[in-house]
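What follows is a short report on a single structure.
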Protein chains: 4
Amino acid sequence: MTSEYSENARPLRRPGRPRSEQARLSILGTTAKMMEDLPIRSITIDGIAKAANVGKPTIYRWWDSKCALVMDAFLERMTPASPPKPDTDITQNLVNLLKGTIEHLRGREGEIVAEIIGEGQSDPHILEEFHTRFFCQILKPARQIIERAKEIGMIDQNLDTNLALDILYGPIYYRLLVRHQPLDDHFTQSLPGRVVSALQLSAS
Amino acid sequence: MTSEYSENARPLRRPGRPRSEQARLSILGTTAKMMEDLPIRSITIDGIAKAANVGKPTIYRWWDSKCALVMDAFLERMTPASPPKPDTDITQNLVNLLKGTIEHLRGREGEIVAEIIGEGQSDPHILEEFHTRFFCQILKPARQIIERAKEIGMIDQNLDTNLALDILYGPIYYRLLVRHQPLDDHFTQSLPGRVVSALQLSAS
Amino acid sequence: MTSEYSENARPLRRPGRPRSEQARLSILGTTAKMMEDLPIRSITIDGIAKAANVGKPTIYRWWDSKCALVMDAFLERMTPASPPKPDTDITQNLVNLLKGTIEHLRGREGEIVAEIIGEGQSDPHILEEFHTRFFCQILKPARQIIERAKEIGMIDQNLDTNLALDILYGPIYYRLLVRHQPLDDHFTQSLPGRVVSALQLSAS
Amino acid sequence: MTSEYSENARPLRRPGRPRSEQARLSILGTTAKMMEDLPIRSITIDGIAKAANVGKPTIYRWWDSKCALVMDAFLERMTPASPPKPDTDITQNLVNLLKGTIEHLRGREGEIVAEIIGEGQSDPHILEEFHTRFFCQILKPARQIIERAKEIGMIDQNLDTNLALDILYGPIYYRLLVRHQPLDDHFTQSLPGRVVSALQLSAS
DNA sequence: AGTTAATCGAGACGGTACGTCTAGTCTTATT
DNA sequence: AATAAGACTAGACGTACCGTCTCGATTAACT
């Protein structure tokens, strides 16, 4: 008992000087600011260190690579996904989510997402972490809606939720990454309805 | 007179030593061999030059960047898309094309495609050329089928062919690039039917 | 009350935690051990701190630089110079001292002396302290003999004692530091007689 | 016959772009200039590269280490030893050489020699090359005189020439390196006679 | 047959950024 | 106040490639 208490009481603090939150924030902030203006490729650890008034080893102590840092800086600033509005028509709800996603990925933020996924092609760790921290967050509302729809029988119970999400979002990221066509208004208007219909929602 | 003739006869040949086809092939071959084993990121111009017994400027004379060369080496070896079989059910034909694509993108070749698209995120030229030389080729059969279907009224005339292709192929490249889920048999079995149905083919 | 007593009882004790003699010894011992095996250049404060289980600031609190510490560690272990045997022939006594010095400087200890003098070239403090703590000690017997010889008229009174010591010991340290020739037996046999004779001792 | 000719004719030129003499001179010159003002320890390869308008790898291509470069820069500018005047009294000639050496080692040049020998304590290659390129040159005249003296019987044939040189020059470098006493006028006046006498030159 | 001009190989060049190392200082909880 | 631990700023280290340049040698069409 006592030991459990004392163990709990232990503030889990390693000895030695604790890491400087100020340095961490300075690094992340500088990186985020650079990402606004520059392609990720042209951002360098040297440059971040200099601009953040920080030693290079301090950066390497906490991030494995430039890309891990960039991702962190991006995700820290990311606005969390808003939960789905409960009392809305499911079809309409999904369509709205997709429209929001497309609009969100226009502009610099979409470019950054594309660049990170691009960098991730040569570093699986990046991709894995980006998936859990970005995609899982961003897709959570749609996932919840789909699972709810399966529960109430509006969607075939055998439809794999992951597959459904791929059908809904795949075309968007395909355009974002291959850039053969823009994420324009026509796309925003016409895509969501088509892909939501592929889920074959029965009238509830 | 003679000069006019001779000028016409001149096969647009610049004076000086003509470029060595042998060098070109050696460069492309070496690059292709390296791509089999190594991630594109770790391939270097220096390395190619050394392995191909070729001077670095010889490479730069004919390709702008490592990535352009890699793409060339990849596309040169790519098997051309087979045309769609004419007298088959359109739905089935599209499903088969998608299944073939998924199977094709498993393995090293899919990895290379992903890596090239990844590199392309920081170099729009790459992406543009990859689109015209890879995607347009690879998607040509599906495009023809869709346009044929529109002609004969099986598909809504107002459906943008590009959008249709995105709906069909988007989920595949989404999985290829984000790697959240594998391109496995379950995906091969279940995806194509779903997305083809999103095109709402009416019974002819 | 009690506090007053105890305060009085405190024997010249500065407030705060007293410096740890254990830490000092651990640092010196670790350094000495490292010097046995490694060239001084490759010894680092970081390394000493880690091996001695000591914080870096604790080292810096007591020694100005790596080199000061190394010198301390070396001198602490140095065997003190034995005094000259009084009733011996002066010439022979000097020759014996020189022979002893040469033999002493063979092996690791001579290497360390050379390394310290080497480091001293870029740090006058080191050299100065090494002179007073090493050379003055090591040369004391020879200095005493020479001064005694001057007193009794065996050596020209005008011969500067420092100059005499340079003539005697210069060639040895010259070889030690420039390493153009080894401190071998031939050197041990032939040098001392020659340089002692340069002092022109008259038969007493 | 012909082959011999053609072999001779071969300009012994390696393929590839020849190294830039301009870069070499810029590096050596910059280094030499830095050595005038700064202690060797505080000179950095980065600094040289920047000041010489040269890439760091260019320096590393041709010199193993900062110290090798510094030595090269020093030796390239060193005035070659003047040959001994032939028809002079041998004793006087040696004394003059020693006086010249002492005066030469006063000032910055002597400091540099000391610093190089100091650095050499942690790098035997440096010391070895410095010996062959500096000491052998600088001592050549004295060596010739001593050998000539041995030939004509003025010096004991059994006296090792290297030992003789150590006796003559050892005290000078001892003072230069240990710095316990300055290389002052008194030293210049009194040392040479003493050490030359230790060679026991008989009247020719 | 000789000239001309662009090619080829090789590899050095000025640069940039890398990731590591070490120095010496600072911050924390503990003693 | 001194300790052990370890994070901090700072900046040099030596390496890897970049893309360009400079060579001598080669190759063919055009004098």
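Note: hydrogens, waters and symmetry copies are ignored here, and every other heavy atom, side chains too, is used. Proteins come first, then strands; the chains are lettered A, B, ... in the order of their sequence lines, and each starts at number 1.
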Atom-to-atom span, [atom1] of [X] to [atom2] of [N] - whole angstrom:
X        : N      : atom1 : atom2 : value
C:Glu119 : E:dT22 : CD    : C1'   : 14 Å
D:Ile45  : F:dC13 : CD1   : P     : 6 Å
C:Ile59  : F:dT3  : CD1   : P     : 11 Å
D:Tyr60  : E:dG15 : OH    : P     : 17 Å
D:Leu69  : F:dG14 : CG    : P     : 12 Å
D:Trp63  : F:dG14 : CH2   : P     : 15 Å
B:Ile43  : F:dC18 : CD1   : P     : 11 Å

Under the side-chain contact (heavy atoms from CB on, under 4.5 Å) test, which residues partner [X], sequence neighbours left out?
X        : answer
A:Glu21  : A:Arg24, A:Leu25
C:Thr44  : C:Asp46
D:Ser26  : D:Thr30, D:Ala52
D:Leu127 : C:Arg179, D:Ile117, D:Gln121

With sequence neighbours left out, write down each residue that passes side-chain hydrogen bond (donor to acceptor under 3.5 Å, both in side chains) with [X], or none if nothing qualifies.
X        : answer
C:Arg133 : C:Asp72, C:Glu129
C:Arg77  : none
A:Glu128 : none

For DNA chain E, the residues among residues 46-58 of chain D that have a non-hydrogen atom under 4.0 Å from it: D:Asn53, D:Val54, D:Gly55, D:Pro57, D:Thr58

From F:dC23, F:dG14, E:dT28, pick the nucleotide closest to the side chain of D:Pro18? F:dC23

Are B:Val113 and B:Phe130 close enough that some pair of their side-chain heavy atoms sits under 4.5 Å apart? yes

5'-most by nearest nucleotide on DNA chain E - D:Arg19 or B:Ser20: B:Ser20

Please work out if D:Trp62 contacts a base, only the sugar-phosphate, or nothing of the nucleic acid, heavy-atom cut-off 4.0 Å. sugar-phosphate

Would you tell me if any nitrogen or oxygen in the side chain of B:Arg17 comes within less than 4.0 Å of OP1 or OP2 on F:dA29? no

So, is D:Arg61 close to the E:dC13 phosphate, meaning a side-chain N or O under 4.0 Å from OP1 or OP2? yes

Contact list for DNA chain F against residues 21-41 of chain D - heavy-atom distance below 4.0 Å: none

Salt bridge present between B:Arg108 and B:Glu111 (N-O < 4.0 angstrom): yes

